Structure formats: structure tokens, C-alpha cells
> 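Please find one structure pasted underneath; my questions will follow.
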Amino acid sequence: MTTRTGTPERTGRGERFDPSSYEQRWRERWEADGLDEANDNDPRPKRYVLTMYPYPSGDLHIGHWYAATGPDIVARMRRMQGQNVMFPMGFDSFGLPAENAAIDRGAHPWEWTEQNVERMRTQFRSMGCMFDWSREVVSSDPAYYRWTQWLFVQFFKAGLAYRAMAPVDWCPKDQVVLAREQVEGVNRVCWRCGTPVVKRDLEQWFFRTTNYADEMLDFSKIDWPEPIRLMQTNWIGRSEGAEIDFPVEADGVDAIRVFTTRPDTIFGATFMVLAPEHPAVAAMTTPERKADVEAYVAAARRETEINRLSAEREKSGVFIGSYAVNAMTQERIPIWIADYVLPGYGTGAIMAVPAHDERDYAFAAKYELPIRYVVLPPGGTVPEGEPLVAHTADEVLVDSGEFSGMSATEAIPAITRQLTDLGLGEPAVTYRLRDWLISRQRYWGAPIPIVYCPEHGAQPVPEDQLPVLLPEDVDFVPTGVSPLQSHPEFVHVSCPQCGGDARRETDTMDTFVDSSWYFLRYCSPHDAERPWDPEAVARWMPVDMYTGGAEHAVLHLMYVRFFVKALRDMGHLTFDEPFMALRNQGDILGADHHRMSKTRGNVVNPDDLTSRYGSDTVRLFLMFIGPWNQGGPWNPTGIEGVHRFLGRVWSVAQAAPAGERGDQPELTRALRRATHLTIAGVGDDYAAFHFNTGVAKLMELTNAIVKARDVGLAGTDAYADAVDTLLLLLAPFAPHIAEELWARRGKPYSIHQQAWPIHDAELATADTIELPIQVDGKLRDRLVVTRDTPADEIERLALASEHVQRYLAGRSPRRVIQVPGKLVNVVTPDL
RNA sequence: GGGCGAGUGGCGGAACGGCAGACGCGCCGGCUUUAGGAGCCGGUGUCGCAAGACGUGCGAGUUCGAAUCUCGCCUCGCCCACCA
């Protein structure tokens with residue numbers, strides 16, 4: 001960026017434009033007056049606007065400004081439109097970075113967090129957002145996490161929190177387990193540190209998110225962006241099909257149950273494949289196959305630990321010696337194990353139909369297993385050397401007994417029904433979604449409020465003993481087990497049931513648990529008796545507009561939906577969805593097109609910009625650079641432009657009435673028209689989060705006002721109305737300058753409590769219109785006519801145009817198309 | 001491999017199927033200034049002196065009319081990834 005001095009400019013009208021002279025002053029006044037505090041008893045319609053509370057990482061960067069300014073504009077506009085707006089802010093202050101930073105610096109996570117929160121509070125205030133700080137929540141505050149723990153207990157009592165041994169993802173660097181949602185990408189890396197995860201069998205706490213899989217697929221009640229809905233839908237991954245039993249002859253095993261989405265292909269099932277981890281493998285393995293099978297299972301387990309990389313890896317597996325019976329063909333089919341069958345999905349076993357599944361095909365080809373085509377296109381031929389996977393409506397079954405000749409679509413229910421009648425199966429639905437693993441083997445989180453009694457098992461901590469306080473004197477350097485284990489006074493407790501010696505759970509909760517209910521706490525943040533006041537929640541919830549990053553699509557944004565639905569079913573809430581509308585801002589990247597990070601050194605510090613230009617300019621610039629949901633690499637070159645724009649606003653709002661040329665009715669009407677066109681356009685833009693075009697319209701109005709001033713209209717009512725309107729429409733974007741100029745114009749404090757301007761369609765309409773005249777769709781001329789000119793007159797004028805005549809060359813047009821008020825298109829006989 | 005999204009001036013970006021390039025940056029010229037900066041005024045898609053022609057990643061199509069809709073391809077971004 002070229003360095004410019006922050007010297008305030010002279011506008012030529014005598015008044016200095018110097019944001020530093022008023023911005024801070026107005027912010028202090030607003031805060032002192034409690035202007036932005038939402039009133040619980042305000043009778044006007046409520047509006048709950050919320051932006052994702054940040055992690056207190058240290059310094060606010062330009063991305064925080066970008067994310068917060070958008071919803072702030074909308075919140076401010078809603079307030080001016082007469083709604084009782086709540087726009088709270090807080091801090092998501094538990095979590096790993098605090099712990100890691102504390103380890104690096106030898107400080108306590110609590111100190112580090114406190115300092116950062118304090119600094120960010122100050123920085124946040126400099127943005128001039130209408131945050132209601134009286135409602136601030138800090139999730140690492142015992143007054144908050146007490147209720148996080150209380151909620152855990154409710155989930156536990158309702159059977160929605162359970163402890164189970166399972167193969168889980170473990171980050172070897174952070175020394176902690178992760179939820180499936182926190183493992184990313186092809187390489188299965190930790191979402192925090194990018195280290196490839198490994199599988200471990202561990203006993204952990206889970207929330208039963210899968211109970212709500214079906215309900216979470218229903219987005220009909222909420223206005224959320226399509227990409228988010230799609231990602232959640234895919235993540236939940238609902239598959240319809242059937243579970244089918246394949247009888248086997250082996251000690252202690254009657255049958256193997258498989259899940260398939262293609263029961264219509266059962267006549268082509270020529271072998272079975274089980275996950276190596278399948279519990280029936282050992283019992284069904286014949287003695288002569290035992291050595292091979294055990295070797296494969298051990299290899300698979302080892303492979304699992306260094307990460308089961310998938311994709312185009314070559315299939316492998318071994319025959320276990322036993323056979324199952326295909327109930328439809330009555331054939332004996334061999335049972336194999338292979339690691340391409342996953343233990344956690346479906347039943348962990350499949351019927352392999354190599355003719356109609358690519359993976360089964362590859363496996364059959366490698367091990368020379370029979371491939372039998374049983375579903376073909378009508379009159380179709382058997383493909384050569386490849387499976388026929390495509391599933392279309394007009395495929396027909398062949399070699400399928402009584403079902404031959406039936407379409408695949410009909411055969412699915414028909415075969416499922418017959419299997420059901422035979423007691424060998426039933427329709428089934430499977431999901432890819434797994435339960436949410438919430439245990440974390442780290443220190444800086446809310447302790448899981450559970451006590452283990454040798455006699456009574458896992459017991460919740462009685463609610464009147466909450467919070468389970470996080471002890472401060474803990475060595476929290478990660479060792480792979482929770483640091484709290486090394487704190488004897490914390491661990492040794494008595495059983496809440498029998499009072500006998502018991503042991504406290506030492507894992508803490510995933511921070512996503514904290515953030516799954518903070519929006520409820522904002523409704524009654526100081527309630528010491530309950531997590532929330534039901535009346536306050538009834539008043540404010542659900543959130544009307546939620547904003548934040550799309551990276552939380554299957555994390556936070558899925559967990560909150562689960563939380564609300566579960567709490568509803570427990571009787572604590574009365575609504576189904578937390579956030580009625582959702583909008584995602586884009587990411588502001590570094591100038592190098594990479595994500596901003598301290599290690600890359602590409603972080604943009606907003607403080608430098610605000611001290612040079614003021615907050616209003618920075619806010620306006622961020623909203624102007626492009627569509628808000630798009631973001632983009634940081635490039636400050638245009639900031640001078642919006643600063644100049646505010647300078648022009650400053651100048652026109654204080655223009656001295658120079659009455660020497662007062663009577664110019666046409667120009668006056670044009671100014672009124674510009675004013676009302678802007679009112680009409682701008683409100684829609686703001687509501688749709690199209691801030692960039694909203695700013696452009698404000699600039700256009702300002703340019704029109706500048707012109708009006710220059711022709712001597714500064715003393716007219718139309719001029720005053722135009723300026724007042726401009727300030728009102730600008731107030732959500734640039735709250736300080738709007739307030740300052742409003743005051744200088746002698747208007748009542750505060751501009752932010754004024755009514756939003758109302759658009760007058762009459763005034764916005766011009767009496768003449770300019771019509772583009774096309775010939776064969778190409779622009780050839782323009783026609784200025786009065787608005788009420790009849791169509792046949794317009795056609796006559798258009799055809800009379802010499803430009804049109806040149807293309808007609810004396811011929812009559814084949815057609816003349818008129819779009820009333822829009823354009824005329826003359827179609828020549830050539831076309 | 002699958003899904004989703006995006007390709008428009010030198011740049012950021014506008015454009016209910018109807019005047020492509022709003023608004024802004026940058027650049028050019030002018031005013032002002034001792035000079036520089038700032039400010040203000042005007043110009044600025046490409047080719048052309050002009051008339052005009054050509055222009056929204058590439059190629060087809062639908063339409064009176066396509067940046068916009070359809071199909072195929074190319075490039076980039078994001079998400080998922082052996083899910084039976």
C-alpha cells in the first residue's frame with residue numbers, strides 16, 4: 001500500500017473531515033446511554049441477530065471485522081425499521097490453542113485467555129458494532145460451564161449421552177481424540193494442527209446425534225444456504241435399502257446380516273465380504289484358513305493404525321473357509337474378509353455383487369470369483385470387462401428366478417418383501433453419520449460431570465454440586481491421558497449414590513459442546529438459577545439471523561441443530577430449529593491468497609487502518625470490496641475511494657445554502673427521484689446481504705447530491721431531504737459519521753433510533769423514459785418518450801429512426817417486439 | 001472418482017432472459033499548488049481518424065433477443081472420498 005499521511009483533508013467548505021475527532025466520542029456516548037442494550041420488555045417485534053462468537057486467539061484481525069460488520073448493518077437497519085433488536089457478543093474461550101499457547105509461554109491457560117478476551121473486547125468496541133455487551137458470555141467462566149455440565153447431565157439422564165468403547169480418531173500431536181467431523185481431507189488430518197490421525201480403540205463419551213439423523217435432513221423450516229444444506233445432507237448420508245440374512249454353517253453363528261441398497265441384485269451375489277473386525281470372523285474361520293485370516297486381520301489392524309488410506313488402493317482380502325447360502329439362488333457362496341468393507345457402516349458385512357458394483361468387481365476380478373449379471377438395460381447386452389453400476393428406471397432383471405423380467409425399480413420392494421416373508425430380511429435405512437464423540441483428553445475445557453463408582457458405575461454429579469470446577473494447579477502438558485488424572489484431589493471423590501470411594505471422570509468436553517447453547521444463554525446471561533430463563537428464551541428464540549463461516553457446516557452448525565432438537569424432546573425448549581436464517585461470509589485471505597496466519601506473516605491488523613482512516617471507512621471498504629459471502633484476498637488499494645466518498649458526504653451534508661439559483665424544478669425533481677430510488681434499492685440490498693451494491697447506490701446518491709449542490713440547489717427542501725435520507729441509509733454502514741453529521745444538522749440524537757426512510761414510488765418515477773431500440777437484438781438507437789406513450793406510437797417512432805431504416809433497407813419488419821417500458825426490438829426479414 | 005460453485009475491462013466487481021462493464025480503484029488530461037501530496041473537473045472495454053465493427057473461458061443449441069437458460073469441453077476453488 002502506498003503510504004499516505006492521516007492528515008485530515010480540507011473539503012473546501014470550511015469544515016474539517018477528521019473521523020478521529022468524533023468516532024471515539026460517539027462510541028462512548030452510545031455505551032454510556034446503553035443505546036445498544038436489548039430490552040426484554042420492549043413491546044415491539046423482537047429480532048435476534050447473531051454472529052458466531054469468536055475464539056479469543058489474541059488480536060482481532062480484519063476477518064473479524066468483515067464477519068461482524070455484515071450482520072451489524074442488518075441489525076442496525078432492523079432497529080431503525082422499528083424492531084427490538086438483540087445483537088450480542090461473547091467468547092468461545094475453552095479450547096486447545098489456549099493450552100498450547102500457555103505451554104509455550106509457561107503461563108496458565110486461564111491467564112492467556114483472560115488477557116486475550118480483555119484485549120479483544122477493546123478491539124471489538126473500536127469497530128462500532130451495536131453489540132449488547134451487557135449480555136456477554138465467556139464459555140470458560142464457571143458461571144457458564146456450570147450449565148454446560150448441567151446440560152450434559154440432562155443428556156445423560158435422557159440416554160443421549162453414553163460411554164462406549166470404539167475405534168476412534170486420535171491426533172498424535174495434540175494427544176487427543178477427535179470427532180469424525182474434526183478429521184479432514186484425503187489424508188485424514190486433525191482439523192486443528194493438520195497432523196494425520198490414527199485409529200485407537202478407546203472408551204469415550206458420545207452424544208447420540210444419530211437419533212436425529214432423519215429430522216436433521218429436513219430443512220423445510222429454515223432459510224439456510226444451499227451449500228450448507230447439501231453438506232449436512234451428504235454428511236448424514238441416508239441410504240435406503242434392506243438388511244438381509246445369509247445363513248451360514250458355523251459354530252455359534254446362524255447367519256450373517258448384510259446391508260444393501262440394491263436388493264434387486266441379490267441373484268448376482270456370488271460371495272460375501274466381511275470387515276476384518278467383524279465379530280463373527282473368528283468363529284467362522286476354518287482351521288486350515290486360520291493362519292492366513294489372522295495374519296490379514298492383524299495387518300488390517302496395523303494398517304488402520306497408520307491410517308486406512310482409501311481411494312484407488314488395490315483391493316485385498318482372504319477367504320475364511322466358510323460358506324453362506326444365498327437364500328434366493330440357494331447357492332453356497334464363499335465368505336471373505338477384506339478391508340474395503342468398513343466395520344462401522346451398515347452391518348459391517350456385504351453381499352458382493354461384482355456385476356453391479358465397482359469395488360466388488362475389482363475384488364472378484366483379482367481373486368477370480370464368479371461375476372453374474374442379473375440386471376440389464378432392456379434388450380441390453382452384458383458389458384465386457386466392467387460392472388454395470390448405473391441404476392436407471394428401465395433396467396430389467398435377468399437370471400433372477402421368478403423376478404426375471406421385472407424392472408429393477410419394481411424388484412427392489414418385491415424382493416425385499418419376499419425376504420421379509422421368509423424371515424430373512426427387512427427394509428432398512430443406514431446413515432453415514434456417527435454419534436458425536438465429545439470426550440477430550442485435555443485440560444482447558446469443561447470437565448465431564450461424571451463419577452465412576454465400583455458399585456454403581458457411571459453416576460452424574462448431582463446438579464446442586466455443579467459446577468465441577470476445573471482445578472488451576474494442574475500440570476497440563478499433554479501426555480495422552482487427561483492432565484486432570486494427575487490431580488488426586490480432583491480424581492478421588494465419593495459416589496453420589498452410596499458415598500463410597502469413587503473416581504471422577506478426568507476428560508473434558510469438546511468445545512463444540514460449549515458453543516451448542518451459547519445463543520440460549522444470551523437470552524438471560526445472568527441467571528444464576530438456571531441455564532436460561534424460559535420466558536426470556538420464549539421471547540428471543542429462535543435466532544432470526546445467524547452469520548458465520550461456512551467451515552462449520554458439519555460441525556457447529558450440525559451440533560446446534562442436534563442440541564435444540566434433543567432439548568426440545570427433553571421438554572426444555574419448544575422450538576425445532578435454533579437459527580431461522582443463516583448467511584455465510586466469505587474468508588478474507590492474505591494478500592498472498594493464503595489463509596491469514598501468524599506463521600505466514602500475512603495477517604492484516606485493522607488497528608493500523610482505523611487509526612489512519614477511522615472505523616467507518618474500514619467498515620465501508622470491507623463491505624464494498626465484493627459480495628459478502630465471497631470474501632477474497634486482501635487488497636487495500638481501494639480504501640482511498642471509500643474514504644473520499646465519506647469526505648464527499650461530509651462536504652454535502654454541510655453545504656452552505658447558496659440560494660442564488662433556487663428555482664430549477666426539473667433538477668429538483670431529479671434529485672427527489674434519485675433519493676427515492678436509492679431508498680427503494682438500498683433496503684433490499686442490505687436485507688439480502690448485498691452490501692457492495694448497497695454502498696454503490698449510496699455513492700450514486702451522493703454523486704447526485706454533489707451535482708445538485710454545484711448547480712445551486714443546496715438551499716432547497718429536496719436537497720435537505722436528500723442529505724437526511726443519505727445519512728439515514730448510511731447510518732448502518734458508517735454509524736459514527738452519520739451520527740456526527742446528523743447532530744451537526746441539528747437533528748435529534750440518535751440517528752440510530754430514527755425511523756428508516758420510506759420509499760415513495762410516485763417520486764421515484766420519471767415522466768419520460770429512454771427506450772433502447774434494437775434491430776435483430778442489437779442496439780441501434782435510443783428513443784426518449786413520455787411514460788404514457790402508446791405502443792403503436794412507440795413502434796412508429798422506432799421504425800422512423802434512421803438507424804433502424806438503414807438496417808431495414810426499405811423492407812417491412814417481420815416483427816416488432818415491445819417490452820413495455822423496457823425496449824423495442826425490430827426483427828428484419830433476414831432473420 | 002463423486003458433489004457443489006465460479007470464470008465479465010489493467011484490477012475489485014455490476015447487470016428480474018432485454019442498453020454488458022453500475023460503483024470504486026488504477027491510468028490519462030485539465031484546474032489548483034513554488035513543488036510534491038491532497039482536493040476538484042473531464043476522459044477511460046478492444047480495434048478504428050471516423051462511420052462503424054467486435055466483445056462476458058471454449059464449442060454447439062434454445063430464443064425476436066443469452067454474461068444469464070440447455071448440452072459438451074477447458075480452467076480454478078470448496079466439500080466428500082472403498083459408505084455397500
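What you see is a predicted model; the values in this text were computed from it and never measured. We name chains A, B, ... by the order of the sequence lines, and we start the count at 1 in each one.
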> Out of C41(B), A84(B), C11(B), which nucleotide sits closest to the side chain of Phe259(A)?
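The nucleotide sitting nearest to the side chain is A84(B).
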> Val819(A) side chain: which of C79(B), A84(B), G18(B) is closest?
G18(B)
> What stems involve RNA chain B, if each pair must be Watson-Crick or G-U and both of its distances must be under 3.5 Å, with 3 or more such pairs in a row?
B:1-7 with B:74-80, B:10-12 with B:23-25, B:26-31 with B:39-44, B:45-47 with B:52-54, B:57-61 with B:69-73
> Students often get this wrong, so: under 4.0 angstrom with heavy atoms, is Ser239(A) touching a base, only sugar-phosphate, or nothing?
sugar-phosphate
> Looking at C64(B), G13(B), G24(B), which one has an atom nearest to any side-chain atom of Pro627(A)?
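Among the listed nucleotides, the one closest to the side chain of Pro627(A) is G13(B).
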> Could you check which of A84(B), C64(B), C80(B) has an atom nearest any side-chain atom of Asn825(A)?
C64(B)
> Taking CD from Glu640(A) and P from G24(B), how many angstroms apart are they, rounded to a whole number?
15 Å
> Per the ring pair (Phe, Tyr, Trp, His ring centres under 6.0 Å) rule, which among Phe17(A), Phe621(A), Phe624(A) passes with His643(A)?
Phe17(A)
> Kindly give the atom pairs (protein nitrogen or oxygen, nucleotide nitrogen or oxygen) under 3.5 Å for nucleotides 28-31 of chain B.
none

> Looking at Arg648(A), does any N or O in its side chain come under 4.0 Å of the phosphate oxygens OP1/OP2 on G24(B)?
yes
> Of the options A84(B), G18(B), C80(B), whose atoms approach the side-chain atoms of Thr261(A) most closely?
A84(B)
> Mind checking side chain to side chain contact (heavy atoms under 4.5 Å, CB included) for Arg372(A) and listing every partner two or more places apart, or none if nothing turns up?
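By the side chain to side chain contact (heavy atoms under 4.5 Å, CB included) rule, Arg372(A) matches Thr270(A), Thr329(A), Glu331(A), Val374(A).
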> With respect to the side chain of Trp235(A), which nucleotide from G3(B), A84(B), A81(B) is positioned closest?
A81(B)
> If you check every side-chain atom of Arg644(A), which of C64(B), C25(B), A81(B) has the closest atom?
C25(B)
> Report, one pair per line, the protein and nucleotides 45-52 of chain B atoms (nitrogen or oxygen only) whose separation is under 3.5 Å.
none

> Before accepting this row, confirm whether a basic side-chain N of the pair Lys697(A)/Glu700(A) lies closer than 4.0 Å to the acidic partner's carboxylate O.
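So Lys697(A) does not pair with Glu700(A) through a salt bridge.
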> Which of residues 692-702 of chain A sit near RNA chain B, with a heavy atom under 4.0 Å from it?
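Contacts with RNA chain B under 4.0 Å: Asn692(A), Thr693(A), Ala696(A), Met699(A), Glu700(A).
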> Under the rule for side chain to side chain contact (heavy atoms under 4.5 Å, CB included), what residues qualify as partners of Ala734(A), not counting sequence neighbours?
Asp616(A), Leu646(A), Leu730(A), Ile737(A)
> What is the distance, to the nearest angstrom, from the OH atom on Tyr66(A) to the P atom on G12(B)?
14 Å
> Between atom CG in Asp776(A) and atom P in U63(B), what is the gap in whole Å?
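In whole Å, U63(B) P and Asp776(A) CG are 15 Å from each other.
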